[in-house]
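Data first, discussion second: the structure below is written as structure tokens.
Nothing here was measured: the structure is a model prediction, and the numbers come from that model. Atoms within a ligand are numbered from 1 in the order they appear, just like the ligands themselves.
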Amino acid sequence: MTNDALLEKTDNKKVLRIFVRTVVFLIVLLFIYVFVLLTNQRHGIHLVTDEESGVLDLQHWSFEHDGRNYINAGWTFYPNQLLTPQDFGYPVDSDGPGPSFERITPASAYPHYTNVSISTNGWTHFGLSAEPSSESVPVMSEFGYGTYRIAIRIAPDSGVIAMDFPEINHAAKIYANGKLLASFGKISESVDGYENEEAYSDIRVSPSEDGMIDIIIPCSNFSSPFGGIAVPPAIGTPEQIDAIDTVSKMWISGVVTLFVLLIITGFYVSSTFRRKLKYYFFILIIMISISYEFSDKIFNPMPGNWNKLLQTTFFLLMSLNAALYFSSLYPKNDDSLFAKIKNWDIVLIATMVCAFLAVYWMRPDLLYYNSSVIANSTFVTIINSYNFLRVLYMTPRYPEQGTFYLISAAMASIIFSTMIIRSPQIFFIPLHSVGIVLMIFGTAIYFTIRYVNNFNQIKRFTVELENAVQEKTRSIARVNAELVSTNQMLIKNEEARKKMMSNVSHDLRTPITAIRGYIELIMNAKANTPRDTIRTYLTNMHTRSVQMEQLIDDLVQLTRLESDPADIKTQTVNLRDMIDNLYELYLMESEGSNKQLHLDLPKDDMLTVMGDPNRLLRVFENLIVNAMRYTADDGKINIRAFRELAMLGGDSVHIIVSDNGIGIPSSELPYIFDRFYRATNASIHKSGSGLGLSIVKSIVEKHGGRIWADSVEKEGSSFHVILPSAGPRDMERATRKREDPDSAPLS
Ligand code: ADP
């Protein structure tokens, strides 16, 4: 499998994992959604209507034990009539005893519907079980007036009972057992006398001795197409009813606190993000959705159309913001479909939102039409689906962040869909808030994980960086040390060069000056100058010129050795014979002096090395000459050569030339192999150029050998040379070379 295929496979696996995770998350979310939806529906249970009197029988319902109940069915409705308790036989001053079971009858004198169910659409929809008292009972239109009535019988010892009416559209009076308990706006039979007020109320009632509660609610509505009671009221103990309010407020407080916390910490965290824009859009969504929550009439009772107008405005702005948020999620510079669309989608959505808002702000009454609600919902659903599709399309392209975005999109969809269906059905703990809290938690967790991951990564990078810096520092220090030593070497070389120049010029000038002196002597010689004198002059001149030639030869040789490594022509060299011959030569030369030369060579070893015979000859000659020069007339010179066996690597040949001459001062010993260097004691005794040993060292090293000297001043010196001996393979190669006529001629 190729690398690419492998990578693709891992990518696919990753995407699959993300997909599964997301599906699981969505299923869990769906469960929460359904759970909250079911547990928060306001529906009545255990509602049995007494056949004869039409009284709702809750006698066997224990509020303490079973909790509150929602009264959504069993109402009587009197269309186009504003009735009061007096119309049902209550005295004008109704402070007397409450109604009794016998007295409660649906006043058949007024046309009415029985068994009416409370619905979101108010009095325009009574449910299938509603029955008109006669054929002439009018059907309610959107605007108008009417009266609700319900008689409930509870256990006589229930004590004070509370009822909450979350939504009565709009002006209304609430009577219980003949007494006026609450009044909103001004009810009227015509638009002129009508005054709207947002209606949210809870009332306290003491049932009559036999447990009767008779509720009469005349109401009128000329400002909303949903007239009458829109949300079933809850009946329960005052504590239970208070709890609804408390829990709602606590819930909202919790959401606000979380929201504030998220803003504060979020701004810190967002400073570490590359794309801050999406964070701000996200915050805006939450901010607007909370404003939406607060603009609900339950929490912010504003007069007239303001609540509805603000709520719709927030609702539409939130949709625009969500679109902005989702379009900010992914980078725009890739080659995806949405990169090509650029921001045209946003421009379109913004234009639509502006158009919607302009219409509603100019004609707020339009808000109360079903068609407006359908238009809003459709518009928001389209935007939302578009957001969702966008994220779905982008997730596989950015798998790392994709899951989070997909979850955000799912959350947003749920939030918006809840807003569309919420208020009437889900009053207690709006699901919308659940969505916000989940979204806040999700985002907080996501941001935290991202933040921690980033932090860890930075920490790792820091450590790596520190290591890299340390490594670099070390290598810089190393390079620096090398530079320093190179620099020192260069300075030394420069000094050596200067010294060499002055030495060369001095050493060349000395013989030339001498020669010129002799020439002048000869030129000025008188005719009678003895012939012998002239001969002496010429002999001296000859000596001087030989000296000069020698010096120039040495210089040329040294320069060549240093500049051209290939100058050495190797072949097998028989060191034993070479040293033996040299010994014989210098033995003869020392005849006439008292110098004693001694030779020590192995009998059965030719001491063969690979090398340039001429150069090697120069090495040993130079060492022997020096030994003879720097010893007294009766000096002893010892020449020794032997094979040194090695455990590892090849054998070597060790040559030692020692004498008992003037020796070398220990402080000067390290410099004797330098060019032109002459020990102080030597220059007193003998003349010389100081080039010999540097040439010798150069030749030895070119042969892969080593040279060093031991010496004690006034006692003598030993010069050691070690050369690698020729192995059997070298010898073979050398023989073959000799037989090959094409090979270069031997020097
Ligand atoms: P030169 O002999 O021309 O001075 P070399 O390079 O041959 O130059 O030797 C360098 C110096 O080493 C000599 O000047 C001398 O001081 C010292 N030296 C060389 N060989 C001996 C020796 N056998 N005994 C004492 N000093 C020696």
Side-chain angles (χ1 to χ4, degrees), residues 496-497 499-500 502-511 543-544 546-562 579 582-583 586-587 589-590 593-600 615-641 655-702 705-721:
R497 193 189 62 81
K499 206 170 140 197
M500 177 173 150
S502 89
N503 280 332
V504 168
S505 44
H506 173 261
D507 286 359
L508 285 177
R509 187 172 294 133
T510 316
T543 313
R544 289 301 196 174
V546 168
Q547 228 177 50
M548 248 170 80
E549 198 185 358
Q550 180 64 43
L551 180 67
I552 289 165
D553 267 3
D554 281 357
L555 275 171
V556 168
Q557 203 172 132
L558 195 66
T559 315
R560 209 181 277 159
L561 274 170
E562 280 177 1
I579 292 168
L582 274 175
Y583 169 74
Y586 284 97
L587 195 62
E589 281 203 2
S590 66
S593 75
N594 288 331
K595 292 206 167 116
Q596 297 172 31
L597 258 76
H598 186 259
L599 180 70
D600 181 3
R615 308 262 190 203
L616 290 176
L617 193 70
R618 167 82 207 250
V619 169
F620 303 115
E621 194 171 14
N622 209 310
L623 292 180
I624 295 168
V625 168
N626 275 358
M628 292 180 57
R629 282 172 76 201
Y630 298 113
T631 44
D633 274 351
D634 57 348
K636 284 188 186 136
I637 291 119
N638 200 20
I639 305 164
R640 193 176 157 223
I655 304 100
I656 306 170
V657 180
S658 47
D659 60 67
N660 61 349
I662 59 169
I664 304 158
S666 59
S667 61
E668 296 186 69
L669 200 56
Y671 307 112
I672 53 163
F673 294 101
D674 291 354
R675 273 180 240 156
F676 294 105
Y677 194 88
R678 307 202 63 222
T680 36
N681 58 348
S683 35
I684 302 164
H685 292 95
K686 300 278 174 193
S687 64
S689 69
L691 280 177
L693 282 185
S694 56
I695 293 173
V696 164
K697 186 172 190 231
S698 199
I699 295 171
V700 170
E701 283 172 356
K702 284 250 149 71
R706 246 166 11 102
I707 180 167
W708 74 96
D710 300 326
S711 183
V712 177
E713 203 181 351
K714 291 183 184 145
E715 285 185 15
S717 322
S718 297
F719 283 82
H720 298 256
V721 175

Minimum side-chain heavy-atom gap I639-F620 below 4.5 Å: no
In the structure I gave you, are the side-chain heavy atoms of L508 and I552 within less than 4.5 Å of one another anywhere? yes
Using distance alone, decide if ligand 1 has a nitrogen or oxygen within less than 3.5 Å of any nitrogen or oxygen in [X].
X: F719; value: no
X: G692; value: yes
X: N681; value: no
X: A679; value: yes
X: I672; value: no
X: D659; value: yes

In terms of relative ring orientation, are Y677 and Y671 parallel, tilted or perpendicular, with 30° and 60° separating the classes? tilted
For [atom], what's the nearest protein heavy atom and its distance?
atom: atom 5 (P) of ligand 1; answer: L693 N, 3.7 Å
atom: atom 8 (O) of ligand 1; answer: G690 CA, 3.2 Å
atom: atom 2 (O) of ligand 1; answer: Y630 OH, 2.7 Å
atom: atom 15 (C) of ligand 1; answer: A682 CB, 3.5 Å
atom: atom 26 (N) of ligand 1; answer: I664 CG1, 3.4 Å
atom: atom 10 (C) of ligand 1; answer: Y677 O, 3.4 Å

Do the side-chain N and O atoms of R560 and Q557 include a donor-acceptor pair separated by under 3.5 angstrom? no
For [X] versus [Y], what's the shortest heavy-atom pair and its separation?
X: T680; Y: E668; result: OG1-OE2, 2.5 Å
X: A632; Y: K595; result: O-CE, 3.2 Å
X: N681; Y: G663; result: ND2-O, 2.7 Å
X: I656; Y: S718; result: CG2-CB, 4.2 Å

Does R629 have a non-hydrogen atom less than 4.0 Å from ligand 1? yes
Can G661 be said to touch ligand 1, with heavy atoms closer than 4.0 Å? no
Ion pair present between D674 and K697, side-chain N to carboxylate O less than 4.0 angstrom? no
Between the main-chain N or O of S717 and the side-chain N or O of S658, is there a donor-acceptor pair closer than 3.5 Å? no
At under 4.0 Å between heavy atoms, which part of N626 makes contact with ligand 1: side chain, backbone, both or neither? both
May I ask you to list the atoms of ligand 1 that are less than 4.0 angstrom from any heavy atom of A627? 23 (N)
In ligand 1, which numbered atoms sit nearer than 4.0 Å to a non-hydrogen atom of S717? 22 (C), 24 (N), 25 (C)
Salt bridge (Lys or Arg N to Asp or Glu O under 4.0 Å) assessment of D659 paired with R629: CA-CA 10 Å; D659 60 67; R629 282 172 76 201; over 6 Å; no
Out of E668, R678, R675, indicate the one that has the non-hydrogen atom closest to atom 14 (O) of ligand 1. R678
